[in-house]
Chemist: 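So that we are looking at the same thing, I have put the structure below in structure tokens.
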Protein chains: 2
Amino acid sequence: MYKIAFDDFFNYSFSLDSVIFGLRNGEINVLLIKRALEPFKNMWAIPGDLVYPDEDLSNAAERILFELTKLNNVELHQAQTFGHPKRHPQGRVITSAYFALVRIEEFHVEASSWAEEVKWVPFHEIPELAFDHNLILNSTFELLKKKLTYEPICFDLLPKRFTLNEMQQLYEYAFGVEMDKANFRKKIKPIPLISHDEKQINVKHRPAKLFSFNSDVYEKITTTEGYQFKM
Amino acid sequence: MYKIAFDDFFNYSFSLDSVIFGLRNGEINVLLIKRALEPFKNMWAIPGDLVYPDEDLSNAAERILFELTKLNNVELHQAQTFGHPKRHPQGRVITSAYFALVRIEEFHVEASSWAEEVKWVPFHEIPELAFDHNLILNSTFELLKKKLTYEPICFDLLPKRFTLNEMQQLYEYAFGVEMDKANFRKKIKPIPLISHDEKQINVKHRPAKLFSFNSDVYEKITTTEGYQFKM
DNA sequence: AGTAAATATTGTTGTTTGTACAATAACTAA
DNA sequence: TTAGTTATTGTACAAACAACAATATTTACT
């Protein structure tokens, strides 16, 4: 091990904040925690904490998310890194945002560690958050919308079995446009979906057929043929 | 100022590494420096260094790049963040990659500070680099290729005035495909280009007309109309 | 059982965009 | 003037897109 020649530079800390997106009532929701600690005690925040000295980033992101919310087994992706010198009142803390997409109904969340509460909040009702978390949240949401156009991630938000209308509504919500139902169905023809014999229940009109995403076939056609997802 | 309650966590350091891409002889080149310092002394590396305690990230990236290479006035964009615990032999150093696109001929580069040499290296001749810089370079190159498809950044690499063939060759190189010349020209019709009365010189065949990118009109049509660049 | 209401699903048509390839024009160098 | 080379335009067909009409299926109500 070399002798460290620049001790003064080892005064930083590094944190990870995970923006967890879910879909409820046709709107994107975000998982927030209420801080039981200073600074910003009692304010809402994106779940996040400091990385341990010998921890890899992706592991740390999983650990931190689980410690605060008991949320587990979600696929976290790196987003942007934020490092304004004054973003943390207690010192120089640089943070990387991670994000994940989940089906809200399928996961149990529970406040834990220094999180006093956890809850899903519709995107348009996000309050003022701790630190620069509003900034982080907004820029990660923009990233999500961009990714929706060129990666098949809508299926991570939709229920495992969904109607084509639910899928369409998600895109209409994200892109802020209305789409023609007939044309939408033609447009998504190349996306490999499994058509089930199952239908919606408890609807007071003709129930829609349920579909699910065929990820195996998707893998195959993206690698062997040069298929490129796009909306 | 709050009292810091977790001193042990303030043992990290944070660096920025800038991947500078340029185009030469139809191939992407990358600006590398030769390290005059341990660790990895005498090895080639992406220009990068530690961030000062009260420095914002984007400013730091510019400063560091200038100190090592005298390269100035380039637009740096954030890419991925790398934080494997063992990526730096002298301690826990997390790094964010930045990247920029430049016209090689227009900029003067010069080794400075602890950079012993600077040079442009064609992408396919990149040697083994210090730290995890090969990993950083490769993933940033992938990001560049992706961005080429949905942002008009090819014009930052091409000469200010370029032929349509040069533009086509850049995309053929980046995407690894051949394109039909006639169809390429039709495809780029919606992109606002200024057609000059100038032509290639010193070519031993019919010289091609020179074009330049009309960024003003591009701004206008992306904001007012909903035009979306794509290749 | 029959019918209205609501939504799912399929079709039709015209327009735009993409692809393959042919034809022509423009310039250099000898 | 001509051969060689490349730029540029044109044509014809196929595929994708957009707007809208028409039909089919189911639920809820009378």
Chemist: Please check if the side chain of A/Asn134 supplies one atom and the backbone of A/Leu129 the other of a donor-acceptor pair under 3.5 Å.
Modeler: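 Pair found, side chain donor or acceptor close to backbone of A/Leu129.
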Chemist: Take atom CZ of B/Arg206 and atom P of C/dA30, then tell me their distance rounded to the nearest Å.
Modeler: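 From B/Arg206 CZ to C/dA30 P: 20 Å.
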Chemist: Does NZ or CZ of A/Lys186 come closer than 6.0 Å to the centre of the six-membered ring of A/Phe184, within 45° of the ring's axis?
Modeler: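 No, A/Lys186 and A/Phe184 do not form such a contact.
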Chemist: Would you indicate, yes or no, if C/dC27 has its OP1 or OP2 atom less than 4.0 angstrom from a side-chain nitrogen or oxygen of B/Lys199?
Modeler: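 Yes, such a contact exists.
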Chemist: On DNA chain D, nearest-nucleotide positions of B/Lys189 versus A/Lys187: which is more 5'?
Modeler: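 Nearer the 5' end of the strand: B/Lys189.
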Chemist: To the nearest Å, how far apart are B/Leu193 CG and D/dA7 P?
Modeler: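 Between P of D/dA7 and CG of B/Leu193: 16 Å.
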Chemist: Whole-Å distance between C/dA8 P and A/Lys209 NZ?
Modeler: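 The distance from NZ of A/Lys209 to P of C/dA8 comes to 13 Å, rounded to the nearest Å.
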Chemist: To the nearest Å, how far apart are A/Gln228 CD and D/dA15 P?
Modeler: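 So the two atoms are 21 Å apart, to the nearest Å.
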Chemist: Please determine if B/Lys220 forms a cation-pi arrangement with B/Tyr218, meaning its NZ or CZ atom is less than 6.0 Å from the six-membered ring centre and no more than 45° off the ring axis.
Modeler: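 Checked: cation-pi criterion not met.
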Chemist: In whole Å, I'd like the distance from the CD1 atom of B/Ile188 to the P atom of C/dG18.
Modeler: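 Atom CD1 in B/Ile188 sits about 13 Å away from atom P in C/dG18.
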Chemist: When you measure from every atom of DNA chain D, which of residues 163-185 of chain A have a heavy atom less than 4.0 Å away?
Modeler: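 Those residues whose heavy atoms fall under 4.0 Å from DNA chain D, taken from residues 163-185 of chain A in numerical order, are A/Asp180, A/Ala182, A/Asn183.
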Chemist: Is A/Lys146 paired with B/Glu151 through a side-chain N to carboxylate O contact shorter than 4.0 Å?
Modeler: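 Yes.
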Chemist: Can you find a donor-acceptor N/O pair under 3.5 angstrom joining the side chain of B/Lys186 to the base of C/dT19?
Modeler: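 Donor-acceptor pair under 3.5 Å: yes.
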Chemist: Judged by atom type as modelled, is there a donor-acceptor pair below 3.5 Å linking the side chain of A/Arg103 to the main-chain atoms of A/Phe155?
Modeler: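 Judged by distance alone, yes, a pair lies under 3.5 Å.
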Chemist: Would you say B/Gln80's side chain and B/Ala97's backbone share a donor-acceptor pair under 3.5 angstrom?
Modeler: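 Side chain of B/Gln80 to backbone of B/Ala97: no pair is present.
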